[in-house]
Amino acid sequence: MKSQEIRKQFLEFFESKKHSIVPSAPMVIKNDPTLMFTNAGMNQFKEFFLGNGTPKNNRITDTQKCLRVSGKHNDLEEVGMDTYHHTMFEMLGNWSFGDYFKKEAIQWAWELLTEVFKIDKDILYVSVFEGAKDDGLGLDQEAFDLWKAIVPEDRIIMGNKKDNFWEMGDQGPCGPCSEIHVDIRSAEEKAKVSGRDLVNMDHPQVVEIWNLVFMQFNRKADGSLEKLPAQHVDTGMGFERLCMVLQNVKSNYDTDVFTPLIREIETITNSVYDKDSLPTNQDGKVSVAIRVIADHVRAVAFSIADGQLPSNNGAGYVIRRILRRAIRYGFTFLDTKEAFIYKLVDTLSSQLGQAFPELKTQKNLIVNVIKEEENSFLKTLDQGLLLLDQIIEQTKGDIISGEKAFELYDTFGFPIDLTALILSEKGLKLDENGFKAELQKQKDRSRAAAKISAGDWEVIGTENSEAFIGYDQLTAEVQLTRYRKVVSKKDGELFQLVFNQTPFYPEGGGQVGDKGYLEAANGDVVYIIDTKKENNLIIHITKNLPKNTNATFTAVVDTKQRIRTASNHSATHLLHQALRSVLGTHVEQKGSMVHSGNLRFDFSHFSKVSADELLEVENFVNARIREKLPLEENRNNTYDKAIAEGAIALFGEKYGDSVRSIRFGKSMELCGGIHVSNTADIWHFKITSESAVASGIRRIEAITSDAAKEFFTAQAKAFGEVKAILKNAKDPVKAITNLQDENNELKKQIEQLLKEKAGNLKAELANQFTDVNGVQFLAKEVDLDAQGIKDLCFDLGNNLTNAFIIFGSAVNGKALLSCYISKELVADKKLNAGQVVRELGKHIQGGGGGQPFFATAGGKNPAGIAQALEDAKAYL
């Protein structure tokens, strides 16, 4: 059975059980501070499990794109080494929110596997939670009895807390689970060892296929459990593993989910995939590399399609790390020295484009970004090889410092396994313990900075609803419904407050959260420093708690900041329209950040936006501002209706059944953010910069409103000062051009004078060389700049076959050392100018480097030049 048919049959089965089929949520999570990526099928439904939202249907099914490469769920280093670990994978799931429970979940799972997919019952094992004394929980008797009515008792395995008790995190909904495992070994292997003994033992052919989680409890901050008000079902089945079973193969990579990619990699790299080879031999390493690349290109492509570009921080850093792992496996084991992974996107798009249309619509972007990342990292690898050579050169003995290797890894992105491989080829060893110690220090620092300790929610009263009224009001009478304390190393002790209603807009859609204050009747004020949304709750962040939590408060949004933010947000909509009008309809928004002071807008475009085009874009936006276009808002539109009306939906966003559409004239977008009531309120739009973010992605930064006024005021002031310096010249541009021409002419005269000075010095210094152990040695302080010294060194050195020259110079309060060594001396005496200036540079409190025959060092201590010149003789 083909994978597309397997996916289809799963969804149709649960549709027949009255489940609604919903699309996969984006793999990159944008509005959940607790997660970077969707790592389980239930992530998009967290608010329902927590009771902070109500689903349209209590029964839901889908296939969810998941990524497990960071935090608690991290499978990255296992990927490629075995046949069943992946970074990106599909999770088939069915959910019940307070509807059916264990009985239906277990019976339907068995029916689907054995009757619809016709998996042999004799190769299946099930597990139930055996209980945990520390939680006061006994055997999950209900699940045990249900399974006992379906399968022989010897097929039921008791599972411990690690394997059979699922938790969302350190706190929150949790519960026992039943796993279904499959044994696809040969009959001969089964006769030797029972599959029962291999469950959860990391055997590649005895694997978990489906996990049925029964949400019954809530884990509190103190570790105790309390029963949830409603019971839920959350199941997850690995799509790739299911395909392996139904296609009768022994590896996920042998299914049609991966074979088209593997064949394409073989063709492009002229390599051969041997599914039976061991990772320890060369053929096995080639096959591991092919598996890594086939897996990783999926993860990277889906992430880019969902709006996350590779970068140096956060989620973008994780994506860059995945792609670089694929590149280095190709570089090391497939001998690929040029970009090639981007060529696999065609195959991936053809294969999965029907189930996930974003792969088709974003294909050009995915190709361009991966190609640029590949070329960039291949250059990094080349630079890393040179730096590694320098480290080897400077190392005494055969063990390379773990600290130096970590610096190469951390600062330059050079992979540690590639470092170890190169060293072993040169007969050297890596201080692995030293490297691991440095890596652990970095991890500890990151964890300490990011660690947040959250207390339990303190619930006040029975009010459980929360209304956002910030589109219409900036102040409101509110009451606390819950609060909790959170502590982090970065921010210290903070409080999170939730109200029955709020005018505060929570961070989302690129717009920052509102700030403001909370005032009690007695005049006490609590400042709200940020507003965020988490699990469908609007959370107001404060540094202290109101004295009387049961009081009624006046919540007041910072009006000035809100108005400026609204101006910038509305301007991004007009900017999007302008770019599509001026550059073409291929332009799509790829991200934005709206602050009160400025806006940032990322968009797809194939080249730099010219100055004329930027001016045209600016004029377009300002024309819409002058037209005084009123805001046309529909808060309860349907997605399909809004799109039919011409609204633009942003890729990588998750839209619900009801959407909010924003229209200014012919600009119409789906957006939940804050906007001006009329474009005239924006006052003026000014672009401050245009730059590249990635291949095919440009970024515009701009200002509006008060910031634009301040910008023009500052520009006028600066222009006035320039005119004053130019004696109020009638044509300041012409006056500055004349000054530049005059300056260039003076520079030429100075250069000529310096050349003449160097020529005179050459004649003077040619007779000052001394013989030191057969070497013509000269150490002197001269009054020349860096270029003049270099020219002098080569002029003098070219006339000698064994010259060792070191010059010092003090220029503008800084010290400079230059060392020239004849190439014959470099070869015969193993002298190295780079090493010389690095050591002597310590005297001038600086450092430097260069080539073995010529190098320079700069420093901040000219007083040390004399000692440096004195010590130079020691090298001979």
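When a residue number appears, it is its place in the shown sequence, counting from 1.
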Requested in this report: Apply the test side-chain hydrogen bond (donor to acceptor under 3.5 Å, both in side chains) to residues T87 and D295: give CA-CA distance (whole Å), side-chain angles for both, the deciding distance (0.1 Å), then the verdict.
Outcome: CA-CA 7 Å; T87 49; D295 172 274; 2.4 Å; yes
Report task. Run the salt-bridge test on R320 and E373 with the 4.0 Å N-O cut-off and return the result as yes or no. Result ->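 Yes, this pair counts.
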Query raised in the report: Does E167 use its side chain to pair, donor to acceptor, with the backbone of R219 at less than 3.5 Å?
Result: no
Query raised in the report: Is the backbone N or O of Y342 less than 3.5 Å from a side-chain atom of E374, with the two atoms forming a donor-acceptor pair by type?
Result: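 Such a contact is found between E374 side chain and Y342 backbone.
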Requested in this report: Sorted by first residue and then second, give each side-chain hydrogen bond (donor to acceptor under 3.5 Å, both in side chains) pair with at least one member in residues 205-214; sequence neighbours left out.
Outcome: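 Sorted result for residues 205-214: W210-T235.
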Query raised in the report: Does a side chain donor of either T63 or E90 reach within less than 3.5 Å of an acceptor in the other side chain?
Result: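 Distance-only check passes for T63 and E90.
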Query raised in the report: Is it the case that R291 and Y273 place a side-chain donor and acceptor less than 3.5 Å from each other?
Result: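 R291 vs Y273: donor-acceptor pair found between side chains.
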Query raised in the report: Is there a side-chain hydrogen bond (donor to acceptor under 3.5 Å, both in side chains) between N164 and E130 once you walk through the steps?
Result: CA-CA 8 Å; N164 280 80; E130 66 183 7; over 6 Å; no
Requested in this report: Rounded to the nearest 0.5 Å, what's the gap from CG on L11 to CD1 on I21? Could you check?
Outcome: 5.0 Å
Report task. Hey, could you give me the NZ/CG distance between K275 and D254, rounded to the nearest 0.5 Å? Result -> 4.5 Å
Report summary line: Those residues at least two apart in sequence (or on a different chain) that pass salt bridge (charged side-chain N to carboxylate O under 4.0 Å, His left out) with E266 are none
Requested in this report: Kindly assign one of parallel, tilted or perpendicular to the pair F45 and F48, based on the angle between their ring planes and the thresholds 30° and 60°.
Outcome: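 Plane angle under 30°, so parallel.
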Requested in this report: Measure from NZ or CZ of R7 to the centre of the six-membered ring of F239 and say whether it is under 6.0 Å with the direction within 45° of the ring axis.
Outcome: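 Because its charged atom sits under 6.0 Å from the ring centre and within 45° of the axis, R7 does stack over F239.
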Query raised in the report: Taking only residues two or more places apart in sequence or in another chain, which ones pass side chain to side chain contact (heavy atoms under 4.5 Å, CB included) with A289?
Result: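 Counting only residues at least two positions away or on another chain, A289 forms a side chain to side chain contact (heavy atoms under 4.5 Å, CB included) with Y329, F333, L334.
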Query raised in the report: Who pairs with D183 by side chain to side chain contact (heavy atoms under 4.5 Å, CB included), at least two apart in sequence or on another chain?
Result: Y125, R185, K190, V206
For residues 100-107, please give each side-chain donor-acceptor pair under 3.5 Å, one per line with the distance, not counting sequence neighbours.
residue : atom : partner : partner atom : Å
Y100    : OH   : H19     : NE2          : 2.7
Y100    : OH   : N94     : ND2          : 3.0
K102    : NZ   : D140    : OD1          : 2.7
K102    : NZ   : D140    : OD2          : 3.2
K102    : NZ   : Q216    : OE1          : 3.0
E104    : OE1  : F101    : N            : 3.3

Query - Validation row, ring centre F144 to ring centre F129 under 6.0 Å - result: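 Aromatic pair excluded; centres sit 6.0 Å or further apart.
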Query raised in the report: Would you say the side chain of I157 lies within less than 4.5 Å of the side chain of V126, judging by non-hydrogen atoms?
Result: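 The answer is no; the side chains never approach within 4.5 Å.
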**Report entry** Set of residues satisfying ring-ring contact (aromatic ring centres under 6.0 Å, His included) with respect to Y655, sequence neighbours excluded
**Finding:** Y639
